[in-house]
There are 2 protein chains.
Amino acid sequence: MSKPNPAPPVVTRVSDATLRGFVGYHMKRAFNVVQADLATTLKPFDLRMITYSALVLIVDNPGLRQSQLADAMDIERPNLVVIIDELERRDLILREKVPTDRRAYALVPTLAGRQLCARAIEAVKSHEARLLQGVGMTEYAQVLDVLRRIEAKGTKE
Amino acid sequence: MSKPNPAPPVVTRVSDATLRGFVGYHMKRAFNVVQADLATTLKPFDLRMITYSALVLIVDNPGLRQSQLADAMDIERPNLVVIIDELERRDLILREKVPTDRRAYALVPTLAGRQLCARAIEAVKSHEARLLQGVGMTEYAQVLDVLRRIEAKGTKE
DNA sequence: CGCATATCGTTATGTGACATAACTATTATG
DNA sequence: CATAATAGTTATGTCACATAACGATATGCG
């Protein structure tokens, strides 16, 4: 008698062709690689992607408020608290009171923070050079342009 | 007497120029937008990005093993368990025993699974069309090419 | 053929990036 | 002056990821 559940065929090669038809899938997979390599790159500095980004923004914008940093990073303000706590605990930045607004803090980098930031940026430059090896300037510019336009779709609302 | 900590200057415009110099940053920000829009797109199907990807791969490769699915999705096998559990509980797929290997399961889609998958794919096509509006075919092909090359850097090791 | 190693899927547990709700203190506005 | 808004925080939750370890089973080697 016929088997109600015949043994399925052996899958020897998995096709992800359908997913590959979406740029989002490519972005996800490529970004996974970037993320993993960046994590490795930042580990010697005891930084993660998110604390690195916060530090860079604070070094480049001394005195910015926590709410401004949250906006710049596109994250929720409550999630910033532990990030700032960690950078402050490591003496990389300071929360300074704002005499004109007692609700707010101004975030300023310390000398150690600037120095670590500079070294981390150099390391991240190498990380990017590795991942973009063989990518020409024209291709690079085009990719940035398209990524910018995708990102802009999210802020238009 | 001089103030030991003078009031920092008011930051009126936050510069993220340093971070913008890295393609990884652009990828992160653009992918955040893709992820948020995709989450909205898949919500009516009660799917998340990860369960959607799993479903598509199972529909396209009926009979594949959990280990194969984990490889295809580049995730750890333990993390697959709750994904498969959820899809199975919703009767979108089945875990079928493999007569030739009692350790393994073959993952097969159900009719409901195929149908939901087809509808979800159409919705994701619209999501992508929205995000890629104004992006030409040449630009699109170039972006895919660069993303593929970045992704390939991660598998070369 | 027996045994060591490898594989498959699972359970258990942990981390970190995200989210929302609600709070207090303070400032801005009408 | 009352009310609304803002700044930062605490509390808590979800989910995508990670590793360790386990039992059952398959494989390969001596």
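Every chain is numbered from 1 and lettered A, B, ... according to where its sequence line falls, protein lines coming before strand lines.
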Problem set entry | Separation of atom CE in A/M73 from atom P in D/dG8, rounded to whole Å | 14 Å
For this session: Please name the residue in the list A/V124, A/V56, A/D60, A/I121 that meets the side-chain contact (heavy atoms from CB on, under 4.5 Å) test with B/L19.
Result: A/V56
Seminar exercise, completed: Considering only heavy side-chain atoms of B/P78, the closest of C/dG9, C/dT11, D/dT10 is C/dT11
Problem set entry | Exercise: identify the closest heavy-atom pair between A/R65 and A/V98 | NH2-CG1, 3.3 Å
Problem set entry | Sidechain N-carboxylate O distance under 4.0 Å for A/D85, A/R89 | no
For this session: Please determine, by modelled atom types, if A/R95 and A/Q66 share a side-chain donor-acceptor pair under 3.5 angstrom.
Result: yes
Problem set entry | Given B/T51, B/I50, B/L47, B/V81, the one that forms side-chain contact (heavy atoms from CB on, under 4.5 Å) with B/E86 | B/T51
Exercise. For the pair made of CG in A/L38 and C1' in D/dC17, what is the distance, rounded to whole Å?
Worked result: 16 Å
For this session: Measure the distance from CZ on B/R77 to C1' on D/dC17 and round it to the nearest whole Å.
Result: 16 Å
Exercise. Nearest-Å distance, CG (B/L80) to P (D/dA18)?
Worked result: 12 Å
Exercise. Between A/A104 and A/D85, who's closer to the 5' end of DNA chain D by nearest nucleotide?
Worked result: A/A104
Problem set entry | Backbone of A/D46 reached by a side-chain donor or acceptor of A/R90 within 3.5 Å | yes
Problem set entry | Residue B/V81, side-chain heavy atoms: nucleotide from C/dT11, D/dC15, C/dT20 that is nearest | C/dT11
Exercise. Between B/R29 and B/Y25, is any side-chain donor less than 3.5 angstrom from a side-chain acceptor?
Worked result: yes
Exercise. In whole angstrom, what separates B/I83's CD1 from D/dA16's C1'?
Worked result: 9 Å
Exercise. Taking OP1 and OP2 of D/dA16, is either one under 4.0 Å from a side-chain nitrogen or oxygen of B/R48?
Worked result: yes
Exercise. Taking A/Q68 for the side chain and B/V11 for the main chain, is one N or O donor matched with an acceptor at less than 3.5 Å?
Worked result: yes
So which protein N/O to nucleotides 26-30 of chain C N/O distances come out below 3.5 Å?
residue, atom, partner, partner atom, Å
C/dT27, OP1, A/R102, N, 3.2
C/dT27, O4', A/R103, NE, 3.3

Problem set entry | Gap between atoms OH and P, on B/Y105 and D/dA26 respectively (whole Å) | 13 Å
For this session: Please figure out whether B/S67 or A/I75 has its closest DNA chain C nucleotide nearer the 5' end.
Result: B/S67
Problem set entry | Of A/Q35 and A/I84, the one whose closest DNA chain D nucleotide lies more 5' | A/I84
Seminar exercise, completed: Out of C/dG9, D/dT9, C/dC18, minimum distance to the side chain of A/I50 belongs to C/dC18
For this session: Tell me which of B/N79 and B/Q68 sits closer to the 5' end of DNA chain C, going by the nucleotide each one is nearest to.
Result: B/Q68
For this session: Name the nucleic acid region contacted by B/Q66, choosing base, sugar-phosphate or nothing; use a 4.0 angstrom heavy-atom cut-off, strictly under.
Result: sugar-phosphate
For nucleotides 3-5 of chain C, which of its nitrogen or oxygen atoms have a protein nitrogen or oxygen under 3.5 Å away, and what is each distance?
none

For this session: Check the distance between D/dT6's C1' and A/D71's CG and give it to me in whole angstrom.
Result: 12 Å
Problem set entry | For A/G63 against A/A106, the heavy-atom pair lying closest together | O-CB, 3.6 Å
Problem set entry | Rounded interatomic separation in angstrom, taking CZ from B/R95 and P from C/dC8 | 15 Å
Exercise. Does A/K28 place a side-chain N or O at less than 4.0 Å from the phosphate oxygens OP1/OP2 of D/dC17?
Worked result: yes
Exercise. Picking from D/dC15, D/dT9, D/dA18, which would you name as closest to the side chain of B/E76?
Worked result: D/dA18
Problem set entry | A/M27 side, atom CE; A/L147 side, atom CG - distance, nearest 0.5 Å | 5.5 Å
